Number of protein chains: 2
Amino acid sequence: MPAEAKAPASTARAAGQPASPPLTERQEARRRRILHASAQLAGRGGFDAVQMREVAESSQVALGTLYRYFPSKVHLLVATMQDQLEHMHDTLRKKPPAGQTAAERVAETLMRAFRALQREPQLADAMVRALTFADRSVSPEVDQVSRQTTTIILDAMGLEDPTPDQLSAVRVIEHTWHSALITWLSGRASIAQVKVDLETVCRLIDLTGPRERD
Amino acid sequence: MPAEAKAPASTARAAGQPASPPLTERQEARRRRILHASAQLAGRGGFDAVQMREVAESSQVALGTLYRYFPSKVHLLVATMQDQLEHMHDTLRKKPPAGQTAAERVAETLMRAFRALQREPQLADAMVRALTFADRSVSPEVDQVSRQTTTIILDAMGLEDPTPDQLSAVRVIEHTWHSALITWLSGRASIAQVKVDLETVCRLIDLTGPRERD
DNA sequence: CGATAATCTAGAACAAGTTTCAGACTTGAT
DNA sequence: ATCAAGTCTGAAACTTGTTCTAGATTATCG
């Protein structure tokens with residue numbers, strides 16, 4: 001019978017996955033070392049600096065093992081993003097945004113996240129590029145990131161069950177968030193511009209927010 | 001003295017570039033063959049199917065020459081997108097959108113463009129993935145695409161000189177456009193969802209459109 | 001404890017983007 | 001027509017993501 005699980009996958013901690021067989025301690029440790037190395041390398045040179053051989057070496061794991069845990073570089077970086085997002089969500093839960101309106105709170109939340117990314121622009125580059133470059137084979141993981149982001153925004157809005165209209169607004173906000181990050185990361189938009197755009201898109205919330213018409 | 005131009009670059013037809021030395025006819029023809037081959041290959045397998053060796057062979061050009069014209073695969077695909085965007089803009093000029101409000105016209109324009117992309121989803125995949133994956137070295141070209149897109153949207157709005165507020169709204173619309181395309185292309189959003197999101201974001205125009213308060 | 005099946009390791013091998021180089025070919029100017 | 005400078009070609013080399021293989025290790029079952 002099998003010794004360790006067949007295919008080490010994501011933590012499955014949050015919502016979603018069909019819970020692949022649990023990892024042994026050593027496997028959990030390996031996974032953690034890999035993600036750590038990934039974030040570390042990304043923190044230096046961004047996407048390009050995350051080289052699979054280096055990640056393997058840094059995390060004391062054979063190349064083949066790395067690929068068993070994360071079937072591609074993009075998978076690895078998206079998983080790294082999931083990891084960081086969890087931190088962010090925890091932080092936000094401790095100090096929720098304080099604005100009066102939902103739009104203000106969402107804008108504040110996004111700006112806080114943005115400032116966090118500004119501290120590690122290279123890491124942001126690696127994660128965001130991976131996220132938007134991901135093809136269908138990474139869909140489940142990218143979707144998980146998307147769900148996590150949606151949760152964070154809905155939390156900021158303070159909503160229980162959003163209307164379809166509001167969900168669309170939230171999706172648009174996420175679109176803007178990702179794409180604005182990209183333009184900032186590639187040097188085509190200033191920080192101020194990103195700020196303005198995030199505030200602009202958040203106005204959509206006021207537009208859909210005050211319930212349909214009951 | 002030089003025989004042909006030093007660095008064959010983009011058409012520089014539209015606005016923007018400092019007009020690199022003009023290309024000879026044969027060079028223009030090569031450039032065109034390359035772009036054609038690129039679009040053709042992209043039309044089949046999408047981003048991955050555009051392999052530089054194949055593009056070179058298809059367009060009857062040496063690999064080194066291909067790289068002289070387009071310094072990377074991403075450059076090539078972004079140029080391909082510029083090309084397609086021009087077509088689109090021409091088409092739109094012939095049959096402008098007919099909606100009553102600016103928001104309607106923009107939404108109609110985007111939906112028309114979206115339908116055009118649906119006819120060649122693989123080509124869309126290649127172009128959009130390249131666009132969002134582009135790093136700083138491609139900024140000028142990506143910026144050109146962005147300007148072209150902005151022009152198309154402003155055209156649809158029928159605006160002469162937009163306010164900063166409106167420009168931000170347009171940027172947000174572009175963000176949504178790109179990011180929504182990505183989610184559709186990677187199979188994480190339905191066509192209907194993209195449609196709704198585009199309509200949602202276009203409402204921002206009504207919010208900023210009817211001049212400040214004058 | 002021993003058998004067994006899966007995992008992990010080291011390293012070679014392969015694929016596609018990118019770079020490089022020597023030599024043949026064009027071009028524009030004299 | 002000839003020359004100089006730059007361009008194009010064909011092919012090899014290099015880089016980094018990905019795959020494959022044979023053998024050493026580890027975990028679980030009996």
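Naming convention: chains lettered A, B, ... in sequence-line order (proteins, then strands); numbering from 1 in each chain. Nothing here was measured: the structure is a model prediction, and the numbers come from that model.
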| remark: To the nearest angstrom, the CG-C1' distance between A:Leu76 and D:dT18 comes to 14 Å
| request: Would you mind reading off the distance between A:Lys73 atom NZ and C:dA16 atom C1', rounded to a whole angstrom? | output: 14 Å
| Is the shortest side-chain N/O distance from A:Tyr67 to OP1 or OP2 of C:dC8 below 4.0 Å? | no
| task | Any chance you could lay out the salt bridge (charged side-chain N to carboxylate O under 4.0 Å, His left out) test for A:Glu108 and A:Arg112, step after step, and finish with the verdict? | result | CA-CA 6 Å; A:Glu108 186 186 329; A:Arg112 234 199 270 179; 3.4 Å; yes
| message | What is the separation between atom CZ on B:Arg68 and atom P on C:dT18, rounded to the nearest whole Å? | response | 17 Å
| message | Is the distance from the ring center of A:Phe133 to that of B:Phe47 below 6.0 Å? | response | yes
| query | On DNA chain D, nearest-nucleotide positions of A:Leu63 versus B:Leu66: which is more 5'? | reply | B:Leu66
| Do A:Asp90 and A:Lys95 sit within salt-bridge range, that is, some charged N less than 4.0 Å from a carboxylate O? | no
| said: Please determine whether a side-chain nitrogen or oxygen atom of A:Gln27 lies at a distance below 4.0 Å from atom OP1 or OP2 of C:dC8. | reply: yes
| query | Counting side-chain heavy atoms from CB outward, which of D:dT9, D:dT7, C:dA10 is closest to B:Thr65? | reply | D:dT9
| side-chain contact (heavy atoms from CB on, under 4.5 Å) partners for B:Tyr67, two or more places apart | B:Met52, B:Leu63
| request: May I have the distance from B:Arg31 (atom CZ) to D:dT7 (atom C1'), rounded to whole angstrom? | output: 17 Å
| message | My understanding is that only one of A:Val196, A:Leu198, A:Thr200 makes a side chain to side chain contact (heavy atoms under 4.5 Å, CB included) with B:Val172; could you say which? | response | A:Thr200
| task | Run the salt-bridge test on B:Glu199 and B:Lys195 with the 4.0 Å N-O cut-off and return the result as yes or no. | result | yes
| query | In residues 33-60 of chain B, which ones come under 4.0 Å of DNA chain D, going by heavy atoms? | reply | B:Arg53, B:Gln60
| note | Considering only heavy side-chain atoms of B:Arg26, the closest of C:dT27, C:dT18, D:dG17 is C:dT27
| task | Send over the distance from B:Arg129 CZ to C:dG17 P, rounded to a whole Å. | result | 13 Å
